[in-house]
S.K.: 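If you scroll down you'll find the structure; I have some questions about it.
Residue numbers run from 1 in the order of the sequence given. Here the structure is a predicted model, which is why all the values come from computation and not from measurement.
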Amino acid sequence: MRHRARNLVEEDRALVDGIPVTSIARTLLDLAWKLRGDQLRRVLARAEDLGLVDLEAIHEVIERNRGHHGAKRLRHALAIYERPIWTRSEFERRFVEYLVEWGLPRPATGWNEVGHELDLFWPELDFGVELDTWETHGTRDAFERDHDRDLEFALAGIEAIRVSERQFQREPDAIATKIARLLDRRRARST
């Protein structure tokens, strides 16, 4: 007796050399449940290199399978994968480039969560970094707004830290090391 996978519709199936397999989009959905975010992004990048990525089909498989354990993770991986890097300041650009050179996964920038924008965000880990300069945060009003935002992020389960431009200038390796440790901690909690 043949075993049939649950929730497979015709679009989720394919034939390769006469052998029934799941479609690329469905395979990515199933893998998303088991892979870490950085692994899933590498799989997406490799699939693109091979010309196998059909973003419309991937979005459709996510929509058809909203309750699937991998749906949220795949949606987050696609958000990072599709979203171009843009920054509001030279400091943000230098900071992102430094993290990537350090070997950390590229964050999304200018990401909106719970009605507020995070400078840098790793959506699959619900972790963000706010980059502060005295010019943009040097007033009482900005100080109060930032603390209100921090509370909103915490209530939504988002861990957001603050890094000042001066901190980054003085100790970039220490900042990158701490962010790497925090990302690892968030990864461990999500598995």
S.K.: Between E60 and E11, does a side-chain contact (heavy atoms from CB on, under 4.5 Å) hold up when you go through it step by step?
M.R.: CA-CA 9 Å; E60 288 172 1; E11 294 85 0; 5.6 Å; no
S.K.: Please report the closest heavy-atom contact between A71 and N65, naming both atoms and the distance.
M.R.: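 In terms of heavy atoms, the two residues are closest at CB-O, 3.6 Å.
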S.K.: At what distance, to the nearest 0.5 angstrom, does CG of L104 lie from CG of L120?
M.R.: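 Reported to 0.5 Å precision, the distance equals 11.0 Å.
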S.K.: Which distance, rounded to the nearest 0.5 Å, do you find between the CD of Q39 and the CG of L44?
M.R.: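 These two atoms lie 12.5 Å from each other.
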S.K.: Closer than 3.5 angstrom, by distance alone: can the side chain of E144 be matched with the main-chain N or O of D141 as a donor-acceptor pair?
M.R.: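 Checked: no pair found.
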S.K.: Inspect the contact between E130 and R149 and indicate whether a charged nitrogen and a carboxylate oxygen are less than 4.0 angstrom apart.
M.R.: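 Salt bridge present between R149 and E130.
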S.K.: Just do the side-chain contact (heavy atoms from CB on, under 4.5 Å) check on F121 and V129 with the steps written out, would you?
M.R.: CA-CA 6 Å; F121 192 55; V129 176; over 6 Å; no
S.K.: Indicate yes or no: at least one non-hydrogen side-chain atom of D12 is less than 4.5 angstrom from one of T22.
M.R.: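 A side-chain contact is absent here, since even the closest heavy-atom pair is not under 4.5 Å.
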S.K.: For a 4.5 angstrom cut-off between non-hydrogen side-chain atoms, does F153 reach L118?
M.R.: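 In contact.
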S.K.: Provide the closest heavy-atom pair for V96 versus T109 in the form atom of the first, atom of the second, distance.
M.R.: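 Residues V96 and T109, closest heavy atoms: CG2-CG2, 4.0 Å.
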S.K.: Is there side-chain contact between R106 and E97, with at least one heavy-atom pair below 4.5 Å?
M.R.: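 A side-chain contact under 4.5 Å is absent here.
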S.K.: Just so I know, are the side chains of D126 and R186 near enough to count as touching, which here means a heavy-atom distance under 4.5 Å?
M.R.: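 Yes, side chains in contact.
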S.K.: Let me confirm one number: the CD-NE2 distance from E152 to H147, rounded to the nearest 0.5 Å.
M.R.: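 One finds 14.0 Å between CD of E152 and NE2 of H147.
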S.K.: Answer yes or no: is there a side-chain heavy-atom contact under 4.5 Å between K34 and H69?
M.R.: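 Not touching, per the 4.5 Å side-chain cut-off.
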S.K.: Test of understanding: clusters of I, L, V, M, F, W, Y form through side-chain heavy atoms closer than 4.5 Å, transitively. Do L15 and L52 belong to the same one?
M.R.: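 Not linked; separate clusters.
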S.K.: Would you name the heavy atoms of R162 and D146 that are closest together and state the gap between them?
M.R.: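 What the structure gives for the nearest pair is NH2-CB, 3.2 Å.
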S.K.: Under 6.0 Å between ring centres: does that hold for F168 and F95?
M.R.: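 F168 vs F95: aromatic centres under 6.0 Å.
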S.K.: Should the heavy atoms of other residues, nucleotides or ligands under 6.0 Å from CZ of R181 be counted, would the total exceed 12?
M.R.: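 Counting other residues, nucleotides and ligands, CZ of R181 stays at 12 neighbours or fewer.
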S.K.: Just checking, is any N or O donor in the side chain of H68 or D30 under 3.5 Å from an acceptor N or O on the other one?
M.R.: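 There is such a pair between these side chains.
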S.K.: Looking at R185, E159, R187, which hits side-chain contact (heavy atoms from CB on, under 4.5 Å) with F127?
M.R.: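 Among R185, E159, R187, the one that satisfies the side-chain contact (heavy atoms from CB on, under 4.5 Å) with F127 is E159.
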S.K.: Going by the salt bridge (Lys or Arg N to Asp or Glu O under 4.0 Å) test, name the single residue among R189, R36, R41 that passes it with E124.
M.R.: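 Testing E124 for a salt bridge (Lys or Arg N to Asp or Glu O under 4.0 Å) against R189, R36, R41 leaves exactly one candidate, R41.
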S.K.: For E113 and W111, does a side-chain donor sit closer than 3.5 Å to a side-chain acceptor?
M.R.: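 E113 vs W111: donor-acceptor pair found between side chains.
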S.K.: Would you say that R64 contacts V9 through its side chain, given a criterion of any heavy-atom pair below 4.5 Å between the two side chains?
M.R.: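 A side-chain contact under 4.5 Å exists here.
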S.K.: Any sub-3.5 Å donor-acceptor pair from D132's side-chain atoms to V163's backbone N or O?
M.R.: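 Not confirmed, D132 side chain does not pair with V163 backbone.
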S.K.: To the nearest 0.5 Å, how far apart are CD in Q167 and CD in Q169?
M.R.: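 Separation between the atoms: 11.0 Å.
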S.K.: Working to the nearest 0.5 Å, report the span between CG of L131 and CZ of R94.
M.R.: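 Going from the CG atom of L131 to the CZ atom of R94 covers 10.0 Å.
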S.K.: L28 and W33: same hydrophobic cluster, using ILVMFWY side-chain contacts below 4.5 Å?
M.R.: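 No; W33 is not reachable from L28 via cluster members.
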S.K.: Might you confirm whether atom CD of E56 has over 12 heavy atoms from other residues, nucleotides or ligands at distances under 6.0 Å?
M.R.: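 Open: at most 12 neighbouring heavy atoms sit under 6.0 Å from CD of E56.
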S.K.: Whether the side chain of D54 engages the backbone of A57 through a donor-acceptor N/O pair (distance < 3.5 Å, no angle test) should be reported.
M.R.: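 Checking the backbone N and O of A57 against the side chain of D54, a donor-acceptor pair under 3.5 Å is found.
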S.K.: Please give me the minimum heavy-atom distance between A156 and V114, naming the atom from each residue.
M.R.: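 Answer, listing the atom of A156 first, then V114: CB-CG1, 3.4 Å.
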S.K.: Of all heavy-atom pairs between G70 and A32, which one has the smallest distance, and what is that distance?
M.R.: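 What the structure gives for the nearest pair is O-CB, 3.4 Å.
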S.K.: Less than 4.5 Å apart, side chain to side chain, heavy atoms only: is that true for W122 and P107?
M.R.: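 Heavy-atom side-chain distance check passes, below 4.5 Å.
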S.K.: After noting the C-alpha distance and the side-chain angles of L31 and L74, does the key distance pass the side-chain contact (heavy atoms from CB on, under 4.5 Å) rule?
M.R.: CA-CA 9 Å; L31 286 172; L74 185 55; over 6 Å; no
S.K.: Answer yes if L35 and L50 sit in the same cluster of Ile, Leu, Val, Met, Phe, Trp and Tyr residues linked by side chain heavy atoms under 4.5 Å apart, and no otherwise.
M.R.: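 Same hydrophobic cluster.
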S.K.: Search all heavy atoms of L8 against all heavy atoms of R26 and return the closest pair with its distance.
M.R.: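 Smallest heavy-atom distance, with atoms named: CD2-CG, 3.7 Å.
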S.K.: Do D173 and W102 pair up side chain to side chain, a donor and an acceptor below 3.5 Å, judged on atom types alone?
M.R.: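 The criterion, which ignores hydrogens and geometry beyond distance, is satisfied for W102 and D173.
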S.K.: In the structure I gave you, are the side-chain heavy atoms of I24 and I58 within less than 4.5 Å of one another anywhere?
M.R.: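 SC-SC contact between I24 and I58 ruled out.
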